[in-house]
> 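Dropping the structure in here first, questions after.
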Amino acid sequence: MKSAVETLNPTRVRLTVEVPFEELKPSLDAAYKKINQQVTVPGFRKGKIPARVIDQRFGRGAVLEEAVNDALPKFYTDAVNEGELNPLGQPEVDITELKDNELLAFTAEVDIRPAIEIPDYSGIEVTVDSVEVSDEDIDKAVEQLRDRFATTSAVERAATEGDIVVVDLEAKVEGEVLEDGVATGVNYTIGSGELLEGIDEAVTGLEAGGSATFTSELKGGSAKGKEAEVTVKVSEVKARELPELDDDFAQLASEFDTFEELRGDTRRRLEQSKKFDQATQAQEKVLDALLELVEVPIPEKLLEDEIQTRKHNLEHHQLGQMGLTLDAYLEMQEKTAEEFEAELKEQAEKGIRTQFVLDELVNKEKLSVGQEELTEHLMRRAQSSGMSPDQFAQAVVEGGQVPMLVGEVARGKALAVVVEAAKVVDDKGETVDLEDDDEADEADEAAETGETVEAAAEEPAAEAEKAEEAEEADKGGEKAEG
């Protein structure tokens, strides 16, 4: 077999392949055997029809077509390996010449991973937020904890901000009560902004038994977007009572005996959280700086597939689970369809560029993934998916996704190598040491699952279908009659 590679652009090549006819013999034999099992000819037992009879009755062309379709995947794969290519997706195969007993020639155009040069990244320097925990931060956190232990009791007075009122609601549009515009026994915290615009002003100052009417634009339901006249009746006013911030509260809300111990632990937790955020921010900024250093051409078909897959996942999985349409989501986000498409394209491009660059770094730094690392990563992924480790592992193996997980871990390690080589300073000019930092380790782990660095260690959405595409590519000649 002879093969040649023609570069069409940095991400696409054309393979030209010539195969001596004798190399088709195993596939020709298989074609005759297959046809033998599918047809019957009077005077011959099934499976015992001579090849010359098959040629006479069904045509030599049918046999050749079957043989070529069977042989093309192997010849294509051999040509790819000979050219040392990294193909992406299915090839477009065209039979250019088929001479019986002489020659098979075909071309195959396919997208490839672009050749990427990773420059010296040791000079990367990024600035992150400093880790500061103020008394106000602690007060806010303690107040949130205190709020969780608040109690309520009915009061005989006018409602004020922060009170909980039990209300009945009735909405009318153009004088008609809406079928879905009546609600009773609704608990509402004044000032929370969780119900209709204008309700806070309407119920403030009302006692139990009082009522008021106000107008508001409906945010949902059959009359969404329309102005409605809403009548609200207060059946009960409840005051929220917060516990005193003392040692008794510390014992009630935590494992500590004193309130000062509780505040001290709150400070420690806030510092840990901010250090984690700092490490995550460092990763994100280092990744962005690295991507700016590297020119990464993107295959058009891969980008198109990635955009469509991301859009499909958003529409049919994420939004579908929330009961939202794409139009409703865009309205909530105050985005036009054009803005959404532009953002989606930008995210898809970054995801693909990130994967290509980190994969090249894995090769350059000769990084490998050990069984223990893969197991730890699998455990984290199982936890985030809500599945048991055994269930998740079984799903991964059955879905042929083990290489994808290995890639995630390897890319996470590649990113960690770059972060370690970079200079990270905070907004005060102080050097941030992420080495041997528990929060940095956690951030590294999160990066491996794609949780904190967008697409940094995660297969682009279209890549999740790559295994299927590769399988199809192995059948690359099934439509060789074209």
> Would you say that Val402 contacts Val397 through its side chain, given a criterion of any heavy-atom pair below 4.5 Å between the two side chains?
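Val402 reaches Val397 side chain to side chain.
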> If you draw a 6.0 Å radius around CD in Glu341, do more than 12 non-hydrogen atoms from other residues or ligands fall strictly inside?
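Yes.
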> A quick test of your reading: do over 12 heavy atoms of other residues, nucleotides or ligands sit less than 6.0 Å from NZ of Lys423?
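At most 12 heavy atoms, drawn from other residues, nucleotides or ligands, come within 6.0 Å of this atom.
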> More than 12 heavy atoms of other residues, nucleotides or ligands under 6.0 Å from NZ of Lys172: yes or no?
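No, the 6.0 Å shell around NZ holds no more than 12 heavy atoms from other groups.
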> Taking the side chain as C-beta and beyond, is there a heavy-atom pair between Thr309 and His312 under 4.5 Å?
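Of all side-chain heavy-atom pairs linking His312 with Thr309, none is under 4.5 Å.
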> Would you compute the distance between atom OH of Tyr32 and atom CD of Glu66 and round it to the nearest 0.5 angstrom?
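With rounding to 0.5 Å, OH (Tyr32) is 12.0 Å from CD (Glu66).
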> Determine, step by step, whether Val133 and Thr266 satisfy the side chain to side chain contact (heavy atoms under 4.5 Å, CB included) criterion, reporting the C-alpha distance in whole Å, the side-chain angles of both residues, the deciding distance to 0.1 Å, and the verdict.
CA-CA 10 Å; Val133 176; Thr266 301; over 6 Å; no
> Classify the side-chain pair Asp277/Thr280 by whether it contains a donor and acceptor separated by less than 3.5 Å.
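Side-chain D/A pair, Asp277 to Thr280: absent.
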> Around Lys364, counting heavy atoms of other residues, nucleotides and ligands shown, do more than 12 lie under 6.0 Å from its NZ?
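Yes, NZ of Lys364 has more than 12 neighbouring heavy atoms, counting only those of other groups under 6.0 Å.
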> Considering only NZ, NE, NH1 and NH2 on the basic side and carboxylate oxygens on the acidic side, decide whether Lys275 and Glu271 come within less than 4.0 Å.
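A salt bridge is absent here (no side-chain N lies under 4.0 Å from a carboxylate O).
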> Can you tell me how far apart CD1 (Ile199) and OG (Ser216) are? Round to the nearest 0.5 Å.
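With rounding to 0.5 Å, CD1 (Ile199) is 8.5 Å from OG (Ser216).
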> Output yes when Lys33 and Asp29 qualify as a salt bridge under the 4.0 Å nitrogen-oxygen rule, no when they do not.
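Looking at Lys33 and Asp29, the cut-off is not met.
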> Between Lys274 and Asp137, does any NZ, NE, NH1 or NH2 come within less than 4.0 Å of an OD or OE carboxylate oxygen?
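Counted as a salt bridge, because a side-chain N and a carboxylate O are separated by less than 4.0 Å.
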> Tell me, yes or no, whether the heavy-atom count around Glu331 atom CD, taken from other residues, nucleotides or ligands under 6.0 Å, exceeds 12.
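No, the 6.0 Å shell around CD holds no more than 12 heavy atoms from other groups.
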> How many angstroms lie between CZ in Arg381 and CG in Leu374, if you round to the nearest 0.5 Å?
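Here the rounded value is 11.0 Å.
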> Counting neighbours of CE on Met379 that are heavy atoms of other residues, nucleotides or ligands and sit closer than 6.0 Å, is the number greater than 12?
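It does not: Met379 CE has 12 such atoms or fewer within range.
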> Under 4.5 Å between any side-chain heavy atoms of Leu28 and Val63, yes or no?
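They are in side-chain contact.
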> For Ser130 and Asp426, test the side chains for any donor-to-acceptor distance below 3.5 angstrom and give the result as yes or no.
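Per modelled atom types, Ser130 and Asp426 side chains form no pair under 3.5 Å.
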> Can you measure from CG (Leu405) to CZ (Arg380) and round to the nearest 0.5 angstrom?
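So the gap between those two atoms works out to 11.0 Å.
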> Sequence neighbours left out, what passes side chain to side chain contact (heavy atoms under 4.5 Å, CB included) with Ala228? Give chain and number order.
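Result, side chain to side chain contact (heavy atoms under 4.5 Å, CB included) vs Ala228: Ala171, Val173, Leu218, Val230.
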> Hey, are the side chains of Lys99 and Phe21 touching, using non-hydrogen atoms and a 4.5 Å cut-off?
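Not in contact.
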> So which pairs with a foot in residues 286-299 pass salt bridge (charged side-chain N to carboxylate O under 4.0 Å, His left out), sequence neighbours left out?
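Listed by first then second residue: Asp288-Lys350.
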> Tell me if the CD atom of Glu315 is crowded by more than 12 foreign heavy atoms within 6.0 Å.
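For Glu315, atom CD is crowded (more than 12 foreign heavy atoms under 6.0 Å).
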> So do the side chains of Val362 and Lys413 get within less than 4.5 Å of each other, counting heavy atoms only?
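Not in contact.
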> May I have all residue pairs that pass salt bridge (charged side-chain N to carboxylate O under 4.0 Å, His left out) and include part of residues 115-134, sequence neighbours excluded?
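Every pair satisfying salt bridge (charged side-chain N to carboxylate O under 4.0 Å, His left out) with a residue in residues 115-134: Glu132-Lys428.
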> Could you tell me if the side chain of Val80 sits less than 4.5 Å from the side chain of Val110, heavy atoms only?
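Sidechains of Val80 and Val110: no contact.
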> Among Glu300, Glu6, Glu92, find the residue that satisfies the salt bridge (charged side-chain N to carboxylate O under 4.0 Å, His left out) test when tested with Arg12.
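Result for salt bridge (charged side-chain N to carboxylate O under 4.0 Å, His left out) with Arg12: Glu92.
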> Would you compute the distance between atom CD of Glu217 and atom CG of Leu196 and round it to the nearest 0.5 angstrom?
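Answer for the CD-CG pair, Glu217 versus Leu196, is 10.5 Å.
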> Measuring from Ser27:OG to Asn69:CG, what's the distance to the nearest 0.5 Å?
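Interatomic distance, Ser27 OG to Asn69 CG, rounded to 0.5 Å: 10.0 Å.
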> Are any of the side-chain heavy atoms of Leu314 and Phe340 separated by less than 4.5 Å?
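SC-SC contact between Leu314 and Phe340 confirmed.
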> Would you call Arg146 and Glu143 a salt bridge, using N to O less than 4.0 angstrom?
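Salt bridge between Arg146 and Glu143, a charged N being under 4.0 Å from a carboxylate O: yes.
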> Side chains of Arg113 and Gln355, heavy atoms from C-beta outward: is any pair under 4.5 Å?
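Yes, at least one pair of side-chain atoms sits under 4.5 Å.
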